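Here, residue 1 is the first one in the sequence, and each next residue gets the next number. The shown structure was predicted, so the numbers you read here are calculated from the model rather than taken from an experiment.
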Amino acid sequence: MKKAVIVGYTGQDGTCLSALLLGKEYEVTGVASKSTTENKYGILGVDIQRISDVENLVKKIQPDEIYYLAAVHQSSADVQIEEGELFRKSFDVNVKAFINFLEAVRMHSPQSKIFYAASSHIFGNPEKSPQDERTPLNPNCIYGITKGAGIRACYFYRENHNVFVCVGIFYNHESPLRESKYVSKKIVETAVAIKQKKKSELILGNLESEIDWGYAPDYMQAVHSMMQLPKPDDFVISSGERHTIKDFIEGVFDYLGLDWKKHIKVTPALITKKQKRNLFGDNQKIKQDIGWSPSVNFTEMIKILVDAEMKKDESK
């Protein structure tokens, strides 16, 4: 039985990945916010910012695979904090705590493979589209800057200490587990509420932004496949398609039998952060090297999200 540690197991990706690995009969230990899932090692809590805690975890479990999904990422919907504080918190989790795992593997479990979840935000506002694994890093937000630093740490440990560490460059990916602060979830929740006559209006800041949208469980399958390679590598994980927010709205409202134009109000003042442009992933490498491609397309993903929201509301 393979053993895996998922760091950030309570989030969307961690939950999807945990389900995937348990289905493959892995022994899974989840770590999040100084807590761990029930395990046979007597580990009750792990503060990932304490190297001693991380070393103890890695030494005791000797995991085959470690998936580092923990991250600090502030969205427009979050309570905004001072940039200096956001930088510090982001570096603490996106870089420093991750280095604790790299060090623990280097010193105590060199056979362990590590996955680092990066983001398309490492490219900033690229001039060329689509982006692939050779696109220069040019982040222009705190999240992208710290994720870029995490990638550089991967390269350092891969090249200097022979640590098996893969980098997945995620583009937007959705599931029913998304938090309400994300635009996809906001659209689905509000549209279902309108269908049920609990609301009448959805207010958004911009309908023309283009997003490379995929389905989160598909992306976790890509991550697992990467970790089965004989040598570590970097891969863009994307749908290979772009759709506007208006496309998403139309798909959701059409599926619910609603006329979106009667319910959508555009208020540009809602946009508090610079909009990314040209973020569109070229997924040819992962298709060719691993044989992965999305199993759920844009329309199917929308139906899954809406059906889950309808079901959730019916169960209340």
Side-chain angles (χ1 to χ4, degrees), residues 12-13 16 73 75-77 117-141 143-144 147-148 167-176 178 181-188 190-191 202 204-223 234-255 260-261 264 266 268 270-271 273-290 292-306:
Q12 169 187 265
D13 292 354
C16 292
H73 181 203
S75 76
S76 297
S119 162
S120 59
H121 287 263
I122 62 173
F123 299 129
N125 285 322
E127 293 298 324
K128 293 184 179 180
S129 188
Q131 300 83 49
D132 61 20
E133 296 78 9
R134 296 164 295 180
T135 301
L137 274 59
N138 188 30
N140 59 358
C141 68
Y143 183 60
K147 281 295 182 180
V167 175
I169 303 169
F170 286 128
Y171 284 70
N172 286 67
H173 47 291
E174 314 298 327
S175 81
R178 268 297 198 199
K181 66 183 182 180
Y182 291 94
V183 67
S184 56
K185 187 72 166 182
K186 180 179 180 181
I187 292 167
V188 171
T190 307
L202 170 60
L204 295 169
N206 180 12
L207 305 188
E208 302 307 321
S209 292
E210 290 187 320
I211 298 175
D212 185 331
W213 261 307
Y215 184 51
D218 271 350
Y219 286 28
M220 294 308 105
Q221 181 63 63
V223 167
D234 309 335
F235 292 94
V236 163
I237 308 176
S238 71
S239 71
E241 298 179 355
R242 279 182 292 188
H243 296 274
T244 64
I245 291 176
K246 184 166 73 173
D247 292 336
F248 191 94
I249 290 169
E250 288 177 342
V252 170
F253 277 73
D254 285 352
Y255 187 52
W260 69 270
K261 293 178 182 177
I264 301 297
V266 178
L270 288 177
I271 304 297
K273 300 175 75 174
K274 291 182 180 179
Q275 296 294 290
K276 300 292 180 183
R277 61 180 174 83
N278 289 337
L279 286 182
F280 174 37
D282 182 343
N283 60 16
Q284 290 305 304
K285 181 181 176 183
I286 196 167
K287 284 183 175 180
Q288 294 168 1
D289 290 8
I290 296 178
W292 175 87
S293 60
S295 69
V296 173
N297 66 29
F298 181 71
T299 301
E300 292 166 342
M301 179 188 73
I302 286 175
K303 291 179 180 179
I304 290 170
L305 300 181
V306 173

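Contact record, Ser175 with Cys16: OG-SG, 4.4 Å, taken as the closest heavy-atom pair. Minimum interatomic distance between Pro126 and Gly124 (heavy atoms only, all atoms of both residues): CD-O, 3.1 Å. Annotation for Gly148 and Ile122: closest pair N-CG2, 3.8 Å, computed over non-hydrogen atoms.
In this pair, His73 and Tyr143 present their aromatic rings parallel. The plane angle is below 30°, not in the 30 to 60° band. Aromatic ring orientation, Phe170 versus Tyr219: parallel (interplanar angle below 30°, classes split at 30° and 60°).
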Side chain to side chain donor-acceptor pair (under 3.5 Å), that's the test. Do Glu174 and Ser184 meet it? Break it down for me.
CA-CA 7 Å; Glu174 314 298 327; Ser184 56; 2.4 Å; yes
Verify side chain to side chain donor-acceptor pair (under 3.5 Å) between His243 and Asp212, making sure each step is shown before the conclusion.
CA-CA 7 Å; His243 296 274; Asp212 185 331; over 6 Å; no
Give the intermediate values and the outcome of side chain to side chain donor-acceptor pair (under 3.5 Å) for residues Glu210 and Thr244.
CA-CA 4 Å; Glu210 290 187 320; Thr244 64; over 6 Å; no
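Within the model, atoms OH of Tyr182 and CD of Gln12 stand 8.0 Å from one another, a figure rounded to the nearest 0.5 Å. With rounding to the nearest 0.5 Å, the separation of CD in Glu133 from CG in Asp289 is 8.5 Å.
Atom NZ of Lys246 is surrounded by 12 or fewer heavy atoms from other residues, nucleotides or ligands within 6.0 Å.
Checked against Ile249 for a side chain to side chain contact (heavy atoms under 4.5 Å, CB included), the options Asp254, Leu207, Ile302 give a single hit: Leu207. Each of Val266, Val183, Thr190 was compared with Leu204 under the side chain to side chain contact (heavy atoms under 4.5 Å, CB included) criterion, and only Val183 meets it.
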